[in-house]
Amino acid sequence: MSAQILTANRLDDGVVVYLADDGTWAERFEVARVARDADASADLLLAGEAGERACRIIGAYLMKVADNETPQPLGTRETIRGKGPSILTELGIGI
Amino acid sequence: MPLIKGGKIVADPWLHAADDEVLPDEGPVIVSLSRWRIEGDSLRVRIGPIGVRLAADEPPAGIANDLDRLALIALDFPVFRDGRAYSHARLLRERFGFDGEVRATGNVLRDQFLFMHRCGFDAFVVADPAQADAWLQSISEISVWYQPATDSRTPVLALRHRHAAAAAE
Amino acid sequence: MYRYDAYDETLVRERAAQYRDQVRRRLDGELTEEEFRPLRLMNGLYLQLHAYMLRVAIPYGTVSSAQLRQLAHIARRYDRGYGHFTTRQNIQYNWLRLVDTPDLLDDLAAVEMHAIQTSGNCIRNVTADQFAGAAADEIEDPRVYAEIIRQWSTLHPEFSFLPRKFKIAVTGSPNDRAAVRVHDIGLRMHRDHDGEVGFEVIVGGGLGRTPIIGPTIRDFLPKRDLLSYLEAILRVYNQLGRRDNIYKARIKILVASVGAEEFARLVEAEWAEIKDGSLVLPADEIARIEAFFAPPPFDAPDSDAADFAARRGDDPAFDVWADTNLFDHQQAGYAIVNLSLKPIGGIPGDATEAQMDAVADLADRYSFGEIRVSHEQNLVLPHVRKADLHDLWRALDGLGLATPNIGLVSDIIACPGLDYCNLANARSIPVAQQISNRFADLDRQHQVGELKIKISGCINACGHHHVGHIGILGVDKKGEEFYQITLGGTADENATLGKIVGPAFAADKVTDAVETIVETYVDLRRNGEKFLDTYRRLGVDPFKEKLYATH
């Protein structure tokens, strides 16, 4: 199974967030908690459900990452979600 | 499930009968359209008013000829997004002249009360009493109605021309 | 333009208050996301890739300078200093916080604006010709009827939970700039043999997954019958449109499946019951709304025409701009001015808050305080004296709004695409930027001539690629962005859907492909043929050969 992290949008402002190692919802994917087996992924999803019930986040789902020193999003869509639009360099790193 | 009628929760006298349920000899019952079609004659022999529930894909034209024998029509919203019953309610009232109870059942949420009321619904079965508490607020949240509907609320067009006529005098 | 009375004002304020309460109930947890989502959509609020996006309604693309200033204020206060004008004449803000949106709606209400029904399965913004009330080729101003339909459709209790979204467009000119043939209902104003003006009613057109040119279900509908007829159409659709499959739920699917003739029969049967009821549109109401759209106090001396011609002679840059960016006005001495939001290499349809404020000032100075939003992600100043054109052009040039490219190859329509949109499969804006940069040379663009490129980042076709002369559809092929090209589409009165030219192109090949198509056209064209003419004469084969030739 490839490495996964949990991502969602924050309810009150729509910002993309990731479940961090410390259990908080962070804006940076670099600090996301990585799941490397099915049990860990299931735990991530439970944390997502808890976040939704608590009205902190919406639409939590698992996404695949490159399991480097820090997790890196895979694919154009998750890269854009993580770094910002590819077209305006002041709002995102740009790809 | 709580029933809202006349703006508040009231006791619901109607038995919502399943197709295979044995009906009591007396008292108001609501049956499905297919049961009505099969048992309509014998139901009329009972003591007690009869209601028919229509599914979202059962248009009121299918019951139009029987309306004088019915005291209630229940229209179902299988999911709140399924808006067919709004048209069905209007047709029941405006096309077929039904003046018994038109009841909303299914996924009925407070944010649709005003729309339903304007389309001729006068009773609402909701999932929880909190929805009922919100009735008065929901109904009065919007006090401007652009278009005529089933209800007697005066559309803006009529109000504007009334004012213009009064001003002209 | 239409001005709110106390009723209209009350409605938008009450709606904003209702929405504020819905947001509170969401944040408190009283409403689940599933329950809240349709409520926020009915106020135009989407959750997109990065943040919440709000689509503000600009009814039939007409906005006053005061309103445009408020839109600038909103961009500054709640967003990141810019907004995006859409192919349905609305404006979108991409970076909103849910918690700010109730205040934002209050700010809109303060200037007679709202975001009501700009999303959701209800009747959306009614669009019209962006040159309405100004174009020389117009029979009557369609905005009168767009406004009447807007009011009738707002918070319509029966039609707020339709099978799917519903889009209506009106044109008052035989030259259709409102794309009426690819709308759920298109209305084309025309005269019958007695000279009475009424509507041709076209139902079941659309783009997206199943693009269809809508059939006419009624050749002539008198004005008096407009609302009752629309109500009949919507009532048939509300009852019979599919509820089981969102990809087959638009009215175009219903019309195609029962056939136009049967659909018309169903509508006429329903209409017969209601045509003389409470929806009859009285002549005095039409007159009341018409008064709002009366022409402004035009005042241009005869000498203007000669002045204007002289200026063009003196100033080549002004001349080039006048050639592409102006449109003929009904009134002698006036012109319609297109403001290009397509600077070379820029993001199509975006305007900064500074640009919006400046355009509002220019509108006050030169266009009776009125601005229009086109269907092509550009802005319009509808009533400019020819004598003022040179001064206006210099001001626009300073703002980056005078690129002389209207209708040319760099006047590209592109949806927000995968950079912003949750639904997208591929990016569209970078493709538009690359094509624009490739054709940066304006002389070359003028030599190529009229060529409308439209780019969508997914099959929902918000970029209207089906009706582009060159249409580009972004697709996902095994995780990579590929682009499928169509040719020969057009949204005007001869509406045609584009034809796929062949296999899709990789992201790094699509600009070359577009250039190949353009060069092929230039090589093969005869005597002033535009791209569409050459394509229609020769078909897709010559383009296909050049694009897919093995080397």
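Sequence lines set the chain letters: A, B, ... in the order given, protein chains first and strands last, and positions in each chain run from 1.
- B/Glu94 does not touch chain C: none of its heavy atoms, backbone or side chain, sits under 4.5 Å away.
- Contact annotation for B/His117: neither backbone nor side-chain heavy atoms come within less than 4.5 Å of a heavy atom of chain C.
- No more than 12 heavy atoms of other residues, nucleotides or ligands lie within 6.0 Å of OH in C/Tyr247, so this atom counts as exposed by the packing criterion.
- In terms of non-hydrogen atom pairs under 4.5 Å with chain B, the most contact-rich of C/Arg288, C/Glu30, C/His156 is C/His156.
- Surrounding CZ of C/Arg37 are at most 12 heavy atoms belonging to other residues, nucleotides or ligands under 6.0 Å away.
- Both the backbone and the side chain of C/Asp8 come within less than 4.5 Å of a heavy atom of chain B.
- Considering all non-hydrogen atoms of both residues, C/Asp21 and B/Glu141 come closest at OD2-OE2, 4.2 Å.
- For chain C, the nearby parts of B/Leu159 are the backbone and the side chain; heavy atoms of each come within less than 4.5 Å.
- Distance check: C/Phe159 CZ to B/Phe115 CZ gives 12.5 Å after rounding to the nearest 0.5 Å.
- Looking at every heavy atom in both residues, C/Gln151 comes nearest to B/Tyr146 through O-CB, 3.0 Å.
- Panel note: side chain C/Arg243, backbone B/Arg81; a donor-acceptor pair is recorded below 3.5 Å.
- No more than 12 heavy-atom neighbours from other residues, nucleotides or ligands sit within 6.0 angstrom of CG on B/Asp25.
- By the 30° and 60° cut-offs, the orientation of the rings of B/Tyr86 relative to C/Phe161 is parallel.
- With a 4.5 angstrom heavy-atom cutoff, C/Thr154 touches chain B via backbone and side-chain atoms both.
- For chain C, the nearby parts of B/Ser143 are the backbone and the side chain; heavy atoms of each come within less than 4.5 Å.
- For B/Arg95 against C/Ile274, the heavy-atom pair with the smallest separation is NH2-CG2, 3.4 Å.
- Here CG of B/Asp82 is found 8.5 Å from CG of C/Asn238. Values are rounded to the nearest 0.5 Å.
- Using a 4.5 Å cut-off between heavy atoms, C/Leu162 touches chain B through its backbone atoms (N, CA, C, O) alone.
- For the pair C/Leu155 and B/Leu114, the minimum side-chain heavy-atom distance is 4.5 Å or more.
- Other residues, nucleotides and ligands place no more than 12 heavy atoms under 6.0 Å from the NZ atom of C/Lys248.
- If you measure heavy-atom distances from C/Pro282 to chain B, the contacts under 4.5 Å come from the side chain alone.
- In terms of heavy-atom proximity, C/Glu14 sits nearest to B/Val144 at OE1-N, 3.9 Å.
- Contacts between C/Arg164 and chain B at a heavy-atom distance below 4.5 Å are absent for every atom of the residue.
- Put simply, the side chain of B/Asp111 reaches to within 4.5 Å of the side chain of C/Arg25, judged on heavy atoms.
- Between chain B and the options C/Thr10, C/Leu279, C/Asp5, C/Asn121, heavy-atom pairs under 4.5 Å are most frequent for C/Asp5.
- Contact annotation for C/Glu34: both backbone and side-chain heavy atoms come within less than 4.5 Å of a heavy atom of chain B.
- Annotation: maximal heavy-atom pairing with chain C below 4.5 Å, among B/Pro78, B/Pro59, B/Cys119, B/Gly83, occurs at B/Gly83.
- A 4.5 Å side-chain heavy-atom check between C/Glu270 and B/Leu91 finds at least one atom pair inside the cut-off.
- Using a cut-off of 4.0 Å between Lys/Arg side-chain N and Asp/Glu carboxylate O, C/Glu35 and B/Arg110 are scored as not salt-bridged.
- Nearest heavy-atom pair across C/Pro157 and B/Ala149 is CG-CB, 3.9 Å.
- For chain B, no part of C/Leu227 is nearby; none of its heavy atoms comes within less than 4.5 Å.
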Quick one, B/Arg160 with C/Asp284, criterion salt bridge (charged side-chain N to carboxylate O under 4.0 Å, His left out). Give me CA distance, side-chain angles, the key distance, then yes/no.
CA-CA 11 Å; B/Arg160 283 171 174 151; C/Asp284 57 357; over 6 Å; no
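- Contacts of B/Leu109 with chain C are made by side-chain atoms alone, with heavy-atom separations under 4.5 Å and no backbone atom involved.
- When each of C/Glu285, C/Glu158, C/Glu231, C/Arg235 is scored by its heavy-atom pairs under 4.5 Å with chain B, the top score falls to C/Glu158.
- Contact annotation for C/Arg13: neither backbone nor side-chain heavy atoms come within less than 4.5 Å of a heavy atom of chain B.
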